[in-house]
Amino acid sequence: MEDSTSLSFGEHHMAPIPGASARADFPFFAAHPGTAYLDTAATSQRPDSVIEAERVFVRSDYAAVHRGSSMATGEATWAFEDAREKVARFVGAGEREIVWTQNATDALNVVALGMADASAGLGDARFALGQGDEIVVTAAEHHANLIPWQRLAAKTGARLVVVPVDAAGLWTLDGLREVVTPRTRVIAFAHVSNVTGLIAPVVDVVEIARGVGALTVLDACQSVPHLPVDLAALGVDFAAFSAHKMAGPTGIGALYGRAELLDALPPARTGGSAITVVTLEAAEFLPSPQRFEAGTQAVSQAVAFGAAVDYLSAVGMAAVAAHEREIGQALAEAVAAVPGARLVGPPAGAERAALASVIVDGVHAHDVGQFLDDRGVTVRTGHHCAQPLHRVLGVAATTRASAGVYTTLDEVEQFREALSGVRTFFGVSA
Amino acid sequence: MEDSTSLSFGEHHMAPIPGASARADFPFFAAHPGTAYLDTAATSQRPDSVIEAERVFVRSDYAAVHRGSSMATGEATWAFEDAREKVARFVGAGEREIVWTQNATDALNVVALGMADASAGLGDARFALGQGDEIVVTAAEHHANLIPWQRLAAKTGARLVVVPVDAAGLWTLDGLREVVTPRTRVIAFAHVSNVTGLIAPVVDVVEIARGVGALTVLDACQSVPHLPVDLAALGVDFAAFSAHKMAGPTGIGALYGRAELLDALPPARTGGSAITVVTLEAAEFLPSPQRFEAGTQAVSQAVAFGAAVDYLSAVGMAAVAAHEREIGQALAEAVAAVPGARLVGPPAGAERAALASVIVDGVHAHDVGQFLDDRGVTVRTGHHCAQPLHRVLGVAATTRASAGVYTTLDEVEQFREALSGVRTFFGVSA
Amino acid sequence: MSGLEAMYQELILDHAKTPEGKGDPTTHPFTHHELNPSCGDEITLGITVTDGEISGLAWDGQGCSISMSSASIMSDLLGGATRDEALATIEEFREMMRSRGKFEPSDRLGDAAAFQNTAKYVMRVKCAMLAWVALEADLKASQAA
Amino acid sequence: MSGLEAMYQELILDHAKTPEGKGDPTTHPFTHHELNPSCGDEITLGITVTDGEISGLAWDGQGCSISMSSASIMSDLLGGATRDEALATIEEFREMMRSRGKFEPSDRLGDAAAFQNTAKYVMRVKCAMLAWVALEADLKASQAA
Ligand SMILES: Cc1ncc(COP(=O)(O)O)c(C=O)c1O
Ligand SMILES: Cc1ncc(COP(=O)(O)O)c(C=O)c1O
């Protein structure tokens with residue numbers, strides 16, 4: 001097995017520094033000089049070290065894992081589990097507390113579908129919901145952390161209760177406290193909103209949840225790639241994130257859960273490798289993580305995911321967070337500087353993640369995005385999988401610029417300049 | 001976007017020929033000279049063209065798909081959907097009839113979990129099961145095509161009915177006919193058994209199913225990679241297969257379903273991208289395939305999957321099947337030639353897939369596998385995710401050699417020679 | 001002329017600003033609602049068909065300048081057309097939009113030919129198609145009626 | 001000596017063929033069943049503990065020569081040992097098995113040191129550990145009792 005940490009990181013053979021230095025490690029930017037890639041909240045580019053780690057593995061070390069006894073299988077299994085250990089360490093989890101999934105959406109579904117199974121009598125009753133029970137989400141959630149809970153509620157008779165958001169799209173702890181009751185069984189919320197950039201007070205939410213014995217499910221999609229996150233210290237019960245948003249590949253995500261919970265949650269998706277004894281009548285399941293990993297896993301993607309956290313660790317998550325704090329403020333200020341453009345979420349100056357969703361008065365988000373695209377600025381337009389939130393904002397779609405470890409202030413400036421030309425082009429400014 | 005079909009296939013720039021010629025296209029073999037890789041039924045190696053197609057895409061064309069309006073997203077979406085079209089064409093399906101999944105196991109779960117949702121009142125009643133309904137599987141099924149149905153039965157009150165196998169592990173149409181009743185709602189079976197190598201009479205099963213109005217679910221994991229398969233012509237309702245068993249990457253599989261069924265089956269896994277209108281109360285889902293593709297998909301893996309079917313198409317599936325027919329017989333004969341070794345499934349001379357599961361009298365499968373491994377022969381040992389079948393065979397584990405497009409007769413000979421040394425080494429032969 | 005300017009021609013921006021055919025679709029017997037789920041753009045289009053001709057047409061909706069101008073230009077072009085002519089025009093428009101900009105429109109498309117450049121932008125094809133898909137649904141419903 | 005011969009030493013093959021300690025585990029007060037799900041190998045091991053010493057031990061099971069010989073060698077080594085000595089030996093054995101062959105066993109492991117080579121084969125570690133994990137469970141149960 002090739003040790004991906006020993007690969008050099010691009011030009012420099014020292015730890016990369018966020019911004020222009022790190023940028024040199026990502027081949028995408030060499031292929032697109034002059035492009036400002038401000039869509040990392042949707043998906044991240046991958047550095048050479050990640051692409052190469054997977055390539056080396058696939059070219060010479062690939063085999064089935066966890067099944068059979070061949071040497072090839074042994075080596076591949078080692079690489080696969082080594083990657084799990086890296087990802088676990090990266091988020092402050094034990095190895096058995098990281099389950100590979102298809103993506104973060106799948107991870108959230110593993111929890112919600114497992115609870116549905118428990119509610120149908122197929123597993124630990126502590127996860128069973130019924131009439132009168134309540135599931136709490138915020139009105140700002142991504143569809144991935146909303147629809148699975150709607151479906152769980154519909155299947156079990158539980159009620160979905162929503163923490164409201166204000167006109168800026170923000171919810172508060174007081175708003176949460178108002179809806180939590182002794183019947184609250186689950187509180188599901190995003191660590192960082194992919195639309196507003198709000199950073200949730202996780203520890204306070206966990207305290208509120210514990211007060212009523214509710215489980216906490218953290219959508220960590222937009223936090224784990226951008227901030228140092230210690231899930232054990234935060235105290236959440238479950239969390240979900242995706243490799244493709246953090247310098248890693250598509251095709252793999254992770255579910256974090258406290259080991260004693262994961263060992264008890266019924267696996268909704270079943271099949272080979274996840275089991276101990278299978279008869280024609282019934283199956284018994286392994287402890288976590290294997291119980292949830294039915295079928296052939298995303299083996300080479302796991303290796304690449306390991307290389308991605310190696311990369312981010314080499315940069316240092318504190319450095320990433322500091323860099324992105326600067327970029328986040330610069331994005332907010334850029335929007336504030338453009339007449340007719342309004343920022344969603346916390347205003348410039350307030351704490352926020354390195355993303356800015358914008359409403360340009362009189363110009364539809366698709367048209368804004370098209371104009372920016374023409375100016376070499378890749379952004380995301382749409383409802384960002386948060387239709388209910390956009391309904392509150394009063395628009396069908398916004399234009400979002402978002403940053404990552406490789407984003408530079410020059411790109412923010414390119415964004416500001418392009419944004420300032422939008423209304424003139426579409427003939428809506430004075 | 002790089003057109004992967006334009007990449008050269010290894011040394012030769014003409015269509016590769018199965019066996020030694022194709023072998024040169026797979027970098028794994030250059031890295032492991034002298035190794036006989038006989039574990040393709042577990043997972044396949046990937047040719048250069050597949051590895052490079054993904055690498056080129058990831059280095060320069062990668063972006064989010066199906067969300068947003070940027071040019072980058074447009075190009076990536078094009079590549080992603082182009083891959084779907086290729087895979088669809090490869091199995092005789094319409095584009096909307098191929099849903100990306102995590103693997104084949106996941107694909108089978110999408111059907112079973114969707115039916116569970118329908119049974120719970122969350123979707124089209126035609127998929128709802130209840131007390132008195134019956135689900136038919138064979139006793140030879142892989143756990144992936146057994147446990148999801150056990151769980152569905154447990155949730156809905158339906159009964160799981162099993163077609164028995166004989167001492168060789170084989171089931172028959174008569175055996176199937178005996179258990180099918182007007183209450184049979186689903187018949188789930190493997191096209192090719194991953195243990196016995198039996199090739200199922202699919203068209204006859206479909207006819208029996210249609211006679212009672214049952215849905216057919218085909219586990220096509222071991223057929224699509226090895227035989228020309230036209231799912232529409234076979235007439236099955238659903239089918240599942242995995243890229244990693246057919247020269248493609250891990251992290252992606254496919255569910256085939258007839259369009260009108262897929263459009264109606266409830267999506268068990270929910271989240272972003274799969275929806276039309278989402279309110280805080282409920283979500284409406286897109287038609288197939290999007291309705292099942294919640295969250296960020298395995299984008300670069302889809303591109304690689306497309307390149308894999310390009311590769312197999314360039315070789316020609318008729319040529320692959322002819323080659324594997326020869327290898328399959330050679331494997332069966334190799335086993336027959338070794339005293340104390342017994343072949344599971346159809347005997348040498350009878351129709352069978354290019355895999356051979358072996359019982360060596362007096363030597364445990366793990367020890368057999370270890371010995372073969374030492375002699376440079378990679379095989380698979382264990383129950384191959386088919387415990388009930390092994391229970392009938394009277395052993396906990398067998399040793400399986402399996403072939404693919406790159407397998408040569410030399411490898412079979414290496415296998416035979418190694419196998420013939422096993423009993424002497426472990427001191428059980430005269 | 002940059003790709004952007006080719007896409008947002010004067011003609012298109014004018015139609016987006018002062019759209020033709022906007023009105024209350026529910027006054028017509030055949031109405032269809034069409035939504036672009038990725039951005040929330042939507043249109044409801046109603047028609048009356050008399051002796052095989054579109055004798056009345058009105059639409060309402062909200063969306064980007066491409067979807068709105070496309071609805072407007074289509075209303076101009078196909079209001080009064082025969083059903084067969086309209087269906088053939090929709091087919092040609094779809095073919096153009098799927099061509100990634102490679103299809104040369106015939107005279108039949110009239111001002112709608114201006115969307116040839118939009119076809120180069122895969123993610124905007126749905127915007128341009130929105131009204132046309134709605135009209136197609138209405139025409140088929142009227143045929144079945 | 002090839003890797004294979006180092007793994008399947010005379011000693012190991014002999015123990016696999018004529019295992020020590022095989023018998024009816026259920027005659028002892030503490031029994032534990034352990035399964036290797038990937039191959040179906042299993043072992044049930046029973047012990048009696050008197051004054052902190054393993055005064056009786058018997059196991060039954062089926063599996064490969066590594067799992068069977070490991071159970072046999074362990075029975076020889078730890079039958080009669082004190083609970084603390086047995087737990088410490090299990091710990092050292094585990095450490096050796098996890099080392100990928102890099103751990104140098106102390107005298108305490110006795111003939112069990114022969115599995116040092118097995119530790120190089122990741123997929124066989126579970127085979128060698130099977131009996132030891134069962135004994136550990138029994139010892140912990142006896143401690144709690
Ligand atoms: C017959 C059969 N069905 C299902 C599977 C499961 O496939 P996957 O592991 O890709 O989900 C396999 C392979 O392990 C198989 O051989
Ligand atoms: C906050 C949030 N939650 C969930 C998701 C879903 O992640 P994925 O698409 O990787 O499943 C995303 C990204 O789209 C997100 O930003």
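Each chain gets a letter, A, B and so on, in the order the sequences are listed, and its residues count up from 1.
- Contact tally against chain A (heavy-atom pairs below 4.5 Å) for B:His244, B:Arg151, B:Lys155, B:His32: the top residue is B:Arg151.
- Contacts between A:Phe285 and chain B at a heavy-atom distance below 4.5 Å involve the side chain alone, from C-beta outward.
- Heavy-atom pairs under 4.5 Å with chain A peak, among B:His142, B:His383, B:His384, B:Glu281, at B:Glu281.
- Comparing B:Ile252, B:Asp39, B:Ile275 by how many heavy-atom pairs each has under 4.5 Å with chain A, the most go to B:Ile275.
- Remark: the backbone N or O of A:Thr279 is not paired with any side-chain donor or acceptor of B:Gln387 at under 3.5 angstrom.
- Interface remark: of the candidates A:Asp374, A:Asp106, A:Leu160, A:Val137, A:Asp106 forms the most heavy-atom pairs closer than 4.5 Å to chain B.
- A:Asn103 and B:Ala294 get closest at one heavy-atom pair: ND2-O, 3.5 Å.
- Contact count versus chain A (heavy atoms, under 4.5 Å) is highest, among B:Val277, B:Leu372, B:Thr378, B:Asn145, for B:Val277.
- A:Tyr62 contributes atom OH, which lies 6.5 Å from atom OH of B:Tyr37 (distance to the nearest 0.5 angstrom).
- Contact tally against chain B (heavy-atom pairs below 4.5 Å) for A:Arg391, A:Gln370, A:Lys245, A:Gln297: the top residue is A:Arg391.
- Neither the backbone nor the side chain of A:Thr35 has a heavy atom closer than 4.5 Å to any heavy atom of chain B.
- Using a 4.5 Å cut-off between heavy atoms, A:Pro267 touches chain B through backbone and side chain atoms alike.
- With hydrogens and angles ignored, the 3.5 Å screen pairs a side-chain donor or acceptor of B:Gln150 with a backbone N or O of A:Leu280.
- For a residue to count as touching a neighbouring chain, one of its non-hydrogen atoms must lie under 4.5 Å from one of that chain's; by this rule A:Arg269 touches chain B with backbone and side chain alike.
- Contacts between A:Ser242 and chain B at a heavy-atom distance below 4.5 Å are absent for every atom of the residue.
- Between A:Leu146 and B:Val278, the shortest heavy-atom distance links the atoms CD2-CG1, 3.8 Å.
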What verdict does the side chain to side chain contact (heavy atoms under 4.5 Å, CB included) test give for B:Gln102 and A:Trp100, after you've listed the backbone C-alpha separation in whole Å, the side-chain angles of each residue and the deciding distance to 0.1 Å? CA-CA 11 Å; B:Gln102 192 178 37; A:Trp100 301 127; over 6 Å; no
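- With A:Thr270 as the partner, the side chain to side chain contact (heavy atoms under 4.5 Å, CB included) test is satisfied by one option alone out of B:Thr105, B:Asn109, B:Leu152, B:Leu108: B:Asn109.
- Only the side chain of A:Asp117 comes within contact range of chain B, with at least one heavy atom under 4.5 Å from a heavy atom of that chain.
- When all heavy atoms of A:Ala42 and B:Ala64 are compared, the closest pair comes out as CB-CB, 4.0 Å.
- Highest contact tally toward chain B, considering only A:Pro148, A:Ala120, A:Gly369, A:Ala139, is held by A:Pro148 [criterion: heavy-atom pairs under 4.5 Å].
- Most heavy-atom pairs under 4.5 Å with chain A: of the set B:Ala386, B:Gly272, B:Ala31, B:Ser44, this distinction falls to B:Gly272.
- Only the side chain of A:Glu54 comes within less than 4.5 Å of a heavy atom of chain B; its backbone N, CA, C and O stay farther away.
- Between chain A and the residues B:Val110, B:Thr296, B:Thr399, B:Val299, the most heavy-atom pairs under 4.5 angstrom are made by B:Thr296.
- Using modelled atom types and a 3.5 Å distance limit, the side chains of B:Thr250 and A:Gln301 yield a donor-acceptor pair.
- The contact between A:Arg59 and chain B is made by backbone and side chain atoms together, counting heavy-atom distances below 4.5 Å.
- What you find for A:Val58 and B:Arg46 is that their closest heavy atoms are CG2-NH1, 3.3 Å.
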